[in-house]
Number of protein chains: 2
Amino acid sequence: MTPLDRSSDRAIYRQIADDLRADITAGVHGPGDRLPSESELVARYGVNRRTVQHAFALLIAEGLVYSEHGSGRFVQGRPPVRRLASDRFARRHRRAGKAAFTVEMEQAGRAYDPASDVEMLDLRTGSAPEAIAARLGLSGADKVLVRARRYVVEGLPLQIATSYVPLDLAEGTAIMSADTGPGGIYARLEESGHRLTRITEDLAVEVAAEPVQRLLRLPVGAPVIHLIRTAFAGERAVEVCDTHLNATAFELSYELPAR
Amino acid sequence: MTPLDRSSDRAIYRQIADDLRADITAGVHGPGDRLPSESELVARYGVNRRTVQHAFALLIAEGLVYSEHGSGRFVQGRPPVRRLASDRFARRHRRAGKAAFTVEMEQAGRAYDPASDVEMLDLRTGSAPEAIAARLGLSGADKVLVRARRYVVEGLPLQIATSYVPLDLAEGTAIMSADTGPGGIYARLEESGHRLTRITEDLAVEVAAEPVQRLLRLPVGAPVIHLIRTAFAGERAVEVCDTHLNATAFELSYELPAR
DNA sequence: GAGTGGTCTAGACCACTCA
DNA sequence: GAGTGGTCTAGACCACTCC
């Protein structure tokens with residue numbers, strides 16, 4: 001512990017935050033460890049409780065600490081990184097009966113079972129939001145199948161994914177069912193003769209807003225990756241998937257043309 | 001304005017934040033607008049000043065508001081989105097004498113001049129950090145050229161990019177100079193016979209830490225995109241670029257193989 | 001029940017901005 | 001100099017957790 005410098009330009013609460021941050025990054029307090037309580041720090045530094053709270057507020061905003069009412073404050077461990085590789089939509093995976101996310105989790109050595117770890121949030125026919133309809137080359141009035149799911153891996157909600165499939169492509173296939181079968185939506189589309197030729201992903205980082213923040217169990221201000229994937233069969237967009245990912249839980253890899 | 005519900009489970013400061021947030025999203029207060037002062041809100045809601053501050057702290061953490069000491073609190077306008085397209089490293093751009101970032105900014109219609117908007121932060125020969133050296137297939141002892149630059153577009157710092165080039169590839173070329181010439185590093189590498197075959201990008205989202213937070217002029221807790229690009233000529237990695245982007249200022253597009 | 005964090009009030013002094 | 005936000009203290013009541 002560094003003694004406070006009351007004559008410093010740096011605010012007391014920042015000095016306390018600096019002290020705690022240093023201890024965290026130095027490993028004095030590891031991920032999941034309980035940090036000193038407010039009253040302990042009040043005694044240690046000889047400051048008001050609100051000043052200690054202010055220091056913690058800073059560390060929480062930085063994503064280093066989280067708070068549990070009645071229990072204490074703890075070092076935020078980064079969720080283990082899930083790598084999304086650029087070949088995750090390779091046909092061989094679909095042929096092997098595996099959906100892209102399943103492939104990723106297996107490669108990462110995660111305990112993941114699509115049957116129990118994917119919750120259906122919404123499954124209906126309806127219209128698509130304008131931005132999605134535009135990507136599908138549809139008007140807002142055209143009907144699509146809407147499938148919203150939440151993926152929870154090892155107790156951690158990782159992503160909310162909403163797929164939109166033009167109704168004429170989904171009807172009469174397992175895409176309409178809760179369980180789309182081996183290889184997922186893309187496998188079913190290819191079985192129906194819509195061979196995928198191209199997949200694009202547009203991604204942006206946002207600060208989580210309700211209800212995504214709640215569904216991913218994120219703290220206020222936490223970033224999410226908003227990823228919109230469009231799958232093409234020839235010139236036709238056959239599916240759009242609108243996904244929100246727990247940003248700090250993923251690493252994404254892509255390959256770019258150099259030619 | 002919604003009157004406060006003192007008997008509600010929802011904290012007073014949250015109710016005030018909800019009220020302000022609703023006004024912001026409804027456009028009552030547009031980007032850059034000054035929000036009501038603390039004393040005004042104290043009078044309006046009949047609460048303590050600290051409670052108003054608590055409400056603002058929430059909106060600031062959410063990235064909706066920023067504060068200027070002595071002046072007021074203002075609606076945070078999202079920086080205009082810069083789209084990074086998947087073909088930005090196409091050879092035709094280099095042939096046309098344009099670096100990838102230049103291409104992007106032109107396509108976005110931004111006023112951007114590489115001669116004045118790129119600041120050199122570091123230019124030296126030395127060793128690369130371990131993670132970078134590994135990507136280059138080098139040992140930590142091997143010498144590389146290090147080029148760190150900050151890109152400021154229309155007054156907004158957008159990215160900090162540090163390139164690492166094995167010294168044997170950089171020596172004797174303009175890559176060693178502050179100005180790498182038309183088409184940038186990649187154009188010079190190709191002129192030396194190192195025809196680029198493949199470019200990979202690995203990206204992760206992080207909460208900005210010093211000094212990146214300062215260099216990008218970001219508020220506490222703001223997300224950055226940490227992007228590591230590796231350029232290959234045949235099997236050899238000829239450059240690694242380690243970049244931090246202002247996360248909310250960019251939208252990235254990629255194309256994925258479906259086959 | 002003891003300890004923890006969550007919220008709210010009252011009041012104070014300060015630093016900064018803008019006219 | 002008036003108004004703004006930044007910081008700090010003192011004290012209070014409450015809700016939650018864990019034993």
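Here is how names work: the chains are called A, B, and so on, in the same order as the sequence lines, proteins then strands, and each is numbered from 1. The model shown is predicted, which means the values in this text are computed figures rather than measured ones.
- Stacking of the aromatic ring of B:His69 onto the base of D:dG6 is not found under the criterion of centres within 5.5 Å and planes under 30°.
- Residue A:Arg6 places at least one side-chain N or O closer than 4.0 Å to OP1 or OP2 of D:dT9.
- Nucleotides of DNA chain D nearest to A:Arg10 and B:Pro36 differ in position, and the one nearer the 5' end is that of B:Pro36.
- Checking the phosphate oxygens (OP1, OP2) of D:dG6, a side-chain nitrogen or oxygen of B:Ser67 falls inside 4.0 Å.
- No more than 12 heavy atoms of other residues, nucleotides or ligands lie within 6.0 Å of CD in A:Glu130, so this atom counts as exposed by the packing criterion.
- Of the listed nucleotides (C:dC8, C:dA10, D:dT7), C:dC8 has the atom at the smallest distance from the side chain of B:Ala11.
- Minimum atom distance to the side chain of A:Tyr13 is reached by D:dC8, of the listed C:dG5, D:dC8, D:dC18.
- Atom CZ of A:Arg78 sits in a sparse spot, with 12 or fewer heavy atoms from other residues, nucleotides or ligands closer than 6.0 Å.
- Going from atom CD of B:Gln15 over to atom C1' of C:dG6 covers 15 Å, rounded to whole Å.
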Practice problem: Please lay out, stage by stage, how B:Thr162 and B:Val146 fare under the test side chain to side chain contact (heavy atoms under 4.5 Å, CB included). | Solution: CA-CA 7 Å; B:Thr162 307; B:Val146 181; 3.8 Å; yes
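- Note on A:Thr51: a side-chain N or O is less than 4.0 Å away from OP1 or OP2 of D:dT9.
- Residue A:Ser71 places none of its side-chain N or O atoms closer than 4.0 Å to OP1 or OP2 of D:dC16.
- In this structure, the CZ atom of A:Arg73 is 14 Å from the C1' atom of D:dT17, given to the nearest Å.
- Counting any heavy atom pair closer than 4.0 Å across all strands shown, A:Glu68 reaches sugar-phosphate atoms only and no base atom.
- For C:dT4, one of the phosphate oxygens OP1 or OP2 lies less than 4.0 angstrom from a side-chain nitrogen or oxygen of A:Ser37.
- Contacts of A:Arg34 with the nucleic acid, taken as non-hydrogen atoms under 4.0 Å apart, involve only primed sugar atoms and P, OP1 or OP2.
- A sub-4.0 Å separation between OP1 or OP2 of C:dC13 and a side-chain N or O of B:Arg49 is absent.
- Rounded to an integer number of Å, the gap from A:Phe74 CZ to D:dT17 P is 11 Å.
- The shortest distance between side-chain heavy atoms of A:Val75 and A:Leu35 falls below 4.5 Å.
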